[in-house]
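These figures come from a predicted structure and were not determined experimentally.
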Amino acid sequence: MKNLLLFCIAIFTSATMLAQVSFTDRSDLIGNYNDNSEVAVDMNGDYLDDYVRVSGGGIGIDYQQPNGTFNSIFINMSIQNPPNWSVAAADIDGNGFNDLVLGNGSRVSFLFANATGDDYTEMTFPEYIFSQRSNIVDIDNDGDLDAFVCHDVDESHPYRNDGNQNMVFDQSLIETLDLAGNYASLWVDFDNDGDTDMYLTKCRQGSTPGDPERTNAMYRNNGDGSYTEMAADINMADNAQSWSTVFEDFDNDGDFDAFCVNHDEQNRFYENDGTGVYTDIIGTTGIDPNDLGAWENQAADFDNDGDVDIFSELSDELYINNGDMTFTGMDLPFDEGAIGDFNNDGFLDVVNDGHLYLNDGNANNWVKVALEGVESNSSGVGARVIIHGDWGIQIRESRSGEGFSHTNSLLVHFGIGTYTEIDKIVVEWPSGIVDEFIDPDINDTHIYVEGSSILGTDNFSKKSIVLYPNPTSDFINFSFRGLNDTPVNVVDVNGRIVLQTSISSNDNINVSSLQSGVYFVNLEVEGQFLSYKFVKR
């Protein structure tokens, strides 16, 4: 009995040690800049996460270097609407450098990177908005990125991308309820139907239970450009004063579960039944349902064991996922921040309020995926990445704008514990294209271009063709082979035919004669009439 007891203690001690995550403050490596909301995103296209801080006086960027140091610069410019509530990042205009949407207390601005990524232009909007969470996402799935900004005191604001750095405030892009109390929007494919939906976490100061302005909402993507609110149908119409919700596959069963922090009622932990219907299981998770008052709420695999942990402004700032839908709380020296890998060691770090907290790591393995969309948006936002191995599967999505205010890395990160092989990585793009990559290396960052390893091209379908490069200056290439001599019409945005040609033996067409702008390639293949959008530089 004594030996058995010692064995059990050893097992418990080992598990407890494995559950610990620690960080070292290395703020000495970065610049000293004023900031509002934190950004942990690659800003110069080298697939290394940078630390970005925006204030009224300009933009401070700590560019991560391959040797673990930082090149810290400050771009002096007057920012009319600094992001004192939220910020999101992605390549809106497709020029290879990430742009920012700034959620201000009065107005919304966009910061667009120039063609070399070393300067920015602010695009402002006159409409009043008390911004809360902001996102960059392809709302209408037309291949370019739009934006969505929550409004505390009125209906939230969508911004349609009309191309070439032209964003338009367009309430019809997604018609949300004309109600105040919009705190945190998160775009997620909750029902596994291949398109991105939006969950709106709501709170309304001074409201009482039953007030519809504080009822959380789920806007299901109908696949035709419209959205339907149906949170009550899936048991997620919480009427508490909620601040933010995270969606991750906490039990690695192939669908996204959710954790929501509340201020006046219990926190919620929603388990997905596989069909997009949820059950609150907070009582069995080990997370205190009455630990109220958190603002920030995020999730990531900080110990690289293959299970997603919860990082939130609770009494225990980090809840380690035990792999069985229970969590073990632990203290951290910080309770919020933007998440990225700031020393490229495969372990996730945190930046907050001028501090760089580097994850001390452990012996677990990992993989990261960088996405380059072609038919989809160039940042790959909205793509789902699935890794397969002896453990089963893990799924993640590329999202711009999670939690309440910060923006995390656009690199998709997985821990795989002590496993030393990954069978395959599958990327499901917003366009519907699916790529599969067999036997990828572990402990590495893989850069995947949409359409570079397409599944199912033996049986032709519309989504099997990718046009690249996009944008282009001279030639448009077609990924589907054997199309030579196929007639093609190129039409402009007004529907006028501006070029009639045929696909060459090199599977491309020459569009160098066209003026800069947005065009559509129209052709017929195997009885299907197809149309593809592209941008001519």
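The residues Lys368 and Asp341 are annotated as salt-bridged, a charged nitrogen and a carboxylate oxygen being separated by less than 4.0 angstrom.
Nearest approach of Asn98 to Tyr120, heavy atoms of both residues: O-CE2, 3.9 Å. The shortest non-hydrogen separation linking Ser431 to Asn141 is N-OD1, 4.4 Å. Smallest separation of non-hydrogen atoms from Ile92 and Asp99: N-OD2, 2.8 Å. Annotation for Gly274 and Asn272: closest pair N-OD1, 2.8 Å, computed over non-hydrogen atoms. A pairwise comparison of heavy atoms in Val350 and Gly337 identifies CG1-CA, 3.8 Å as the closest pair. Closest heavy-atom contact between Val39 and Ala89: CG1-CB, 4.4 Å.
Side chains of Tyr159 and Asp146: no donor on one and acceptor on the other come within 3.5 Å. Side-chain atoms of Asp93 and Gln165 form a donor-acceptor pair, as typed in the model, at a separation below 3.5 Å. Side chains of Glu296 and Ser405: a donor on one and an acceptor on the other come within 3.5 Å. In this structure, a donor-acceptor pair under 3.5 Å is present between the side chains of Thr201 and Thr245. For Asn34 and Ser55, the side-chain atoms include no donor-acceptor pair closer than 3.5 Å. With 3.5 Å as the limit, one finds no donor-acceptor pair spanning the side chains of Trp243 and Asn297. Residues Thr116 and Asp118 have side chains that bring a donor and an acceptor to within less than 3.5 angstrom of each other. Side-chain polar atoms of Asn239 and Thr215 form a donor-acceptor pair below 3.5 angstrom. For the residue pair Ser376/Glu450, the side-chain donor-acceptor check at 3.5 Å is satisfied.
Summarising the local packing, CG of Asn32 is surrounded by 12 or fewer heavy atoms from other residues, nucleotides or ligands at distances under 6.0 Å. Remark: Glu524 CD is packed, more than 12 non-hydrogen atoms of other residues, nucleotides or ligands lying under 6.0 Å away.
The closest side-chain heavy-atom distance from Val308 to Arg396 is below 4.5 Å. Residues Val412 and Phe414 meet the side-chain proximity criterion, which asks for heavy atoms closer than 4.5 Å. Inter-residue side-chain proximity for Ser312 and Gln298 is flagged as unmet; no heavy-atom pair is nearer than 4.5 Å. The closest side-chain heavy-atom distance from Phe125 to Phe110 is below 4.5 Å. Inter-residue side-chain proximity for Tyr227 and Glu175 is flagged as unmet; no heavy-atom pair is nearer than 4.5 Å. Side chains of Val108 and Leu102 form no contact here, defined as non-hydrogen atoms less than 4.5 Å apart. With a 4.5 Å cut-off on side-chain heavy atoms, Asn235 and Asp280 do not count as touching. Using a 4.5 Å cut-off on side-chain heavy atoms (C-beta onward), Tyr63 and Met43 make contact.
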Criterion side-chain hydrogen bond (donor to acceptor under 3.5 Å, both in side chains) on Ser242 and Asn262, from CA distance to verdict: CA-CA 4 Å; Ser242 306; Asn262 289 331; 2.5 Å; yes
Val168/Leu173 under side-chain contact (heavy atoms from CB on, under 4.5 Å): CA gap, chis, key distance, verdict: CA-CA 10 Å; Val168 178; Leu173 185 58; over 6 Å; no
Derivation of the side-chain contact (heavy atoms from CB on, under 4.5 Å) call for Asp144 and Asp142: CA-CA 6 Å; Asp144 55 31; Asp142 64 350; 2.6 Å; yes
For Asp273 and Thr275, what are the C-alpha separation, side-chain angles and deciding distance, and is it a side-chain hydrogen bond (donor to acceptor under 3.5 Å, both in side chains)? CA-CA 6 Å; Asp273 71 351; Thr275 68; 2.7 Å; yes
Quick one: do Trp429 and Leu371 satisfy side-chain contact (heavy atoms from CB on, under 4.5 Å)? Show the steps, please. CA-CA 9 Å; Trp429 299 87; Leu371 300 173; 3.9 Å; yes
Where do Arg133 and Tyr183 land on the side-chain contact (heavy atoms from CB on, under 4.5 Å) test, with the steps shown first? CA-CA 6 Å; Arg133 174 74 265 173; Tyr183 266 45; over 6 Å; no
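Atom-to-atom distance recorded for Ile139:CD1 and Ile174:CD1 is 6.0 Å, nearest 0.5 angstrom. Note that OG of Ser400 is 11.0 Å distant from CG of Asp91, once rounded to the nearest 0.5 Å. With values rounded to the nearest 0.5 angstrom, Glu317 atom CD is found 8.0 Å from Phe311 atom CZ. Here the CZ atom belonging to Phe250 is positioned 12.0 Å from the CG atom belonging to Asp255, to the nearest 0.5 angstrom. In this structure, CD in Glu428 is found 12.5 Å from CD1 in Ile433, a value given to the nearest 0.5 Å. Rounding to the nearest 0.5 Å gives a distance of 3.5 Å between OG of Ser109 and CD of Glu122.
The ring pair (Phe, Tyr, Trp, His ring centres under 6.0 Å) pairs that include a residue from residues 188-225 are Tyr199-Phe247, where partners are two or more places apart or lie in different chains. Residue pairs satisfying the salt bridge (Lys or Arg N to Asp or Glu O under 4.0 Å) criterion with at least one member in residues 72-81, sequence neighbours excluded, are absent. Judged as a salt bridge (Lys or Arg N to Asp or Glu O under 4.0 Å), the pairs with a partner in residues 186-201 (not counting sequence neighbours) are, in order, Asp189-Arg384. Pairs passing the salt bridge (Lys or Arg N to Asp or Glu O under 4.0 Å) check and including a residue from residues 31-60, sequence neighbours excluded, read Arg53-Asp62. Sorted by first and then second residue, the salt bridge (Lys or Arg N to Asp or Glu O under 4.0 Å) pairs with a member in residues 160-170 read Asp140-Arg160, Arg160-Asp170; sequence neighbours excluded.
Counting only distance, with no hydrogens or angles, the side chain of Lys202 and the backbone of Ala180 share a donor-acceptor pair below 3.5 Å.
Of the listed residues (Ser134, Ser37, Ser131), just one forms a side chain to side chain donor-acceptor pair (under 3.5 Å) with Ser86, and that residue is Ser134.
The six-membered or imidazole ring of Tyr51 lies away from that of Phe70, with a centre-to-centre distance of 6.0 Å or more.
Not counting sequence neighbours, the partners of His151 by the ring-ring contact (aromatic ring centres under 6.0 Å, His included) test are Tyr128, His157.
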